[in-house]
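Worksheet for the structure shown next.
Start at 1 with the first residue, then count along the sequence. For clarity, every value in this text was computed on a predicted model and none was experimentally measured.
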Amino acid sequence: MQIRLLVSFSVRPEHVDTFVGIMQGAKTSLLEVPGCHAVEVLQAADDPANVLLSEIWESREIHDQYAAAMAEGGSMQQLAPLLVGPPEEAVYFIR
């Protein structure tokens with residue numbers, strides 16, 4: 001079953017432009033991953049430091065395999081200095 005993954009980031013104000021640029025690059029890369037159907041980078045209109053990554057995946061299992069590979073590569077550790085705290089995730093089934 002397809003899922004929508006929402007990842008919310010609270011970005012340090014001085015790093016917003018850098019972070020959004022990284023997310024735009026990640027969007028391009030994610031769209032090449034088998035099982036990833038869509039990616040959007042959203043920025044809150046009233047708080048530019050609030051960035052949301054919205055992804056649609058073929059299944060939770062496919063996403064989890066991708067996420068495990070990314071965690072092993074340390075990509076989130078590289079983003080940590082740009083963030084106020086850890087990102088928050090929510091997963092929804094698409095009905």
Side-chain angles (χ1 to χ4, degrees):
M1 176 178 297
Q2 284 191 337
I3 63 163
R4 179 176 300 268
L5 171 70
L6 301 174
V7 186
S8 179
F9 299 92
S10 182
V11 183
R12 295 183 188 278
E14 66 272 20
H15 297 301
V16 169
D17 290 339
T18 299
F19 186 80
V20 170
I22 291 169
M23 289 297 102
Q24 290 294 344
K27 173 182 172 178
T28 301
S29 298
L30 274 170
L31 290 170
E32 296 176 3
V33 175
C36 182
H37 297 293
V39 180
E40 292 179 305
V41 178
L42 307 170
Q43 193 171 19
D46 60 348
D47 180 7
N50 181 358
V51 178
L52 185 72
L53 189 63
S54 174
E55 307 170 5
I56 296 178
W57 288 85
E58 186 63 33
S59 71
R60 180 124 192 210
E61 294 77 20
I62 291 171
H63 168 265
D64 290 349
Q65 290 171 1
Y66 171 78
M70 293 302 293
E72 286 179 22
S75 62
M76 278 310 299
Q77 291 175 342
Q78 295 171 355
L79 293 177
L82 306 178
L83 303 176
V84 173
E88 296 181 19
E89 271 188 19
V91 178
Y92 298 86
F93 292 117
I94 298 175
R95 302 283 179 175

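- At a threshold of 4.5 Å between non-hydrogen side-chain atoms, the residues R12 and T18 do not count as touching.
- The shortest side-chain heavy-atom distance between R4 and E55 does not fall under the 4.5 Å cut-off.
- Both V91 and V39 sit in one connected hydrophobic cluster of ILVMFWY residues. Membership requires side-chain heavy atoms under 4.5 Å apart, directly or through other members.
- A 4.5 Å side-chain heavy-atom check between V41 and L53 finds at least one atom pair inside the cut-off.
- Atom CD of E88 sits in a sparse spot, with 12 or fewer heavy atoms from other residues, nucleotides or ligands closer than 6.0 Å.
- Rounding to the nearest 0.5 Å gives a distance of 9.5 Å between CH2 of W57 and NE2 of H37.
- Under the 4.5 Å side-chain criterion, counting only non-hydrogen atoms from C-beta, V16 is in contact with Q43.
- Atom CD of Q77 sits in a sparse spot, with 12 or fewer heavy atoms from other residues, nucleotides or ligands closer than 6.0 Å.
- For the atom pair CG (L42) and CG (L6), the distance works out to 8.5 Å, reported to the nearest 0.5 Å.
- For the atom pair CD1 (I56) and CG (L31), the distance works out to 10.5 Å, reported to the nearest 0.5 Å.
- What you find for L82 and I22 is that their closest heavy atoms are CD1-CD1, 3.7 Å.
- Hydrophobic clustering keeps Y92 apart from V7 (ILVMFWY residues linked when any side-chain heavy atoms are closer than 4.5 Å, directly or through intermediates).
- Put simply, CE on M1 and CZ on R60 are 12.5 Å apart, with the number rounded to the nearest 0.5 Å.
- The two residues Q78 and P81 have their closest heavy-atom pair at O-CD, 3.4 Å.
- Side-chain atoms of L30 and Y66, non-hydrogen and from C-beta on, do get closer than 4.5 Å to each other.
- In the hydrophobic clustering of ILVMFWY residues, with side-chain heavy atoms under 4.5 Å counting as a link, V11 and V20 come out together.
- Looking at I62 and P34, their side chains never come closer than 4.5 Å, going by heavy atoms from C-beta outward.
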